[in-house]
Amino acid sequence: MADAWSWEYDPDPAYVIGGIDDLAFVAMVEERADELVRAAAALYLDGAKYTGPSPRMQEETVDASGMFVYQVIPRHQRVYIRQVTFLGL
């Protein structure tokens with residue numbers, strides 16, 4: 001397992017954000033993912049030793065431009081971005 005908390009696209013960036021050409025929107029998603037990592041690290045101080053159930057997937061709105069679905073897995077010390085939806089508003 002990893003030594004520090006981080007986030008990643010799951011299964012990979014091409015699958016999760018492929019086709020989204022708005023780089024500013026993608027940057028906002030990634031900035032919010034960084035914030036979620038900091039929050040998870042503070043909540044699960046020793047995530048690798050966590051034995052409880054993993055939190056459910058959650059949604060996060062990004063401006064009025066779209067949203068993304070993520071899941072925190074404490075034992076992996078990861079925030080997984082599972083789906084990104086760009087509305088282009």
Side-chain angles (χ1 to χ4, degrees):
M1 294 295 153
D3 295 328
W5 277 88
S6 64
W7 67 267
E8 63 185 74
Y9 293 111
D10 183 43
D12 59 50
Y15 181 83
V16 179
I17 60 169
I20 298 176
D21 296 330
D22 190 313
L23 297 180
F25 173 75
V26 173
M28 287 189 288
V29 168
E30 293 179 352
E31 181 178 318
R32 184 63 184 128
D34 289 337
E35 294 171 6
L36 292 169
V37 165
R38 289 190 292 275
L43 185 59
Y44 303 100
L45 293 176
D46 195 356
K49 293 182 180 179
Y50 180 76
T51 59
S54 293
R56 293 179 179 212
M57 283 194 265
Q58 298 181 26
E59 296 177 1
E60 193 70 29
T61 301
V62 180
D63 262 349
S65 302
M67 51 86 64
F68 64 95
V69 176
Y70 69 95
Q71 186 172 20
V72 176
I73 306 292
R75 290 175 298 284
H76 295 180
Q77 297 188 65
R78 290 287 182 277
V79 174
Y80 292 105
I81 308 300
R82 306 273 187 185
Q83 177 183 358
V84 176
T85 303
F86 178 60
L87 301 174
L89 301 176

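Here, residue 1 is the first one in the sequence, and each next residue gets the next number. The analysis underlying the following values was restricted to heavy atoms, covering all of them including side chains, and did not include hydrogens, waters or symmetry mates.
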Do [X] and [Y] sit in one hydrophobic cluster, given that two such residues count as connected whenever their side-chain heavy atoms are within less than 4.5 Å of each other, even indirectly?
X     : Y     : result
Val37 : Ile17 : yes
Ile73 : Tyr50 : no
Val62 : Tyr80 : no

Calculate, to the nearest 0.5 Å, the distance between atoms [atom1] and [atom2] belonging to [X] and [Y] respectively.
X     : Y     : atom1 : atom2 : answer
Thr85 : Phe25 : OG1   : CZ    : 7.5 Å
Gln83 : Tyr15 : CD    : OH    : 8.0 Å
Arg32 : Asp63 : CZ    : CG    : 12.5 Å

Heavy-atom side-chain contact between [X] and [Y] under 4.5 Å:
X     : Y     : value
Val16 : Pro11 : yes
Leu36 : Trp7  : no
Phe86 : Val29 : no

Search all heavy atoms of [X] against all heavy atoms of [Y] and return the closest pair with its distance.
X     : Y     : answer
Ile81 : Ala33 : CD1-CB, 4.0 Å
Trp5  : Pro74 : CH2-CA, 3.6 Å
Arg75 : Gly52 : NH1-O, 2.9 Å
Ala48 : Gln77 : CB-NE2, 3.5 Å
Ala40 : Val72 : CB-CG1, 4.0 Å

Answer yes or no: does atom CG of Asp21 have more than 12 heavy-atom neighbours from other residues, nucleotides or ligands under 6.0 Å?
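Not more than 12 within 6.0 Å, no.
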Sort out for me which residue in Arg78, Met57, Glu60, Arg82 forms a side-chain contact (heavy atoms from CB on, under 4.5 Å) with Tyr70.
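Testing each of Arg78, Met57, Glu60, Arg82 against Tyr70, the sole residue satisfying side-chain contact (heavy atoms from CB on, under 4.5 Å) is Glu60.
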Residue list, salt bridge (Lys or Arg N to Asp or Glu O under 4.0 Å) with Arg38, at least two apart or on another chain:
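Per chain and number, Arg38 pairs via salt bridge (Lys or Arg N to Asp or Glu O under 4.0 Å) with no residue.
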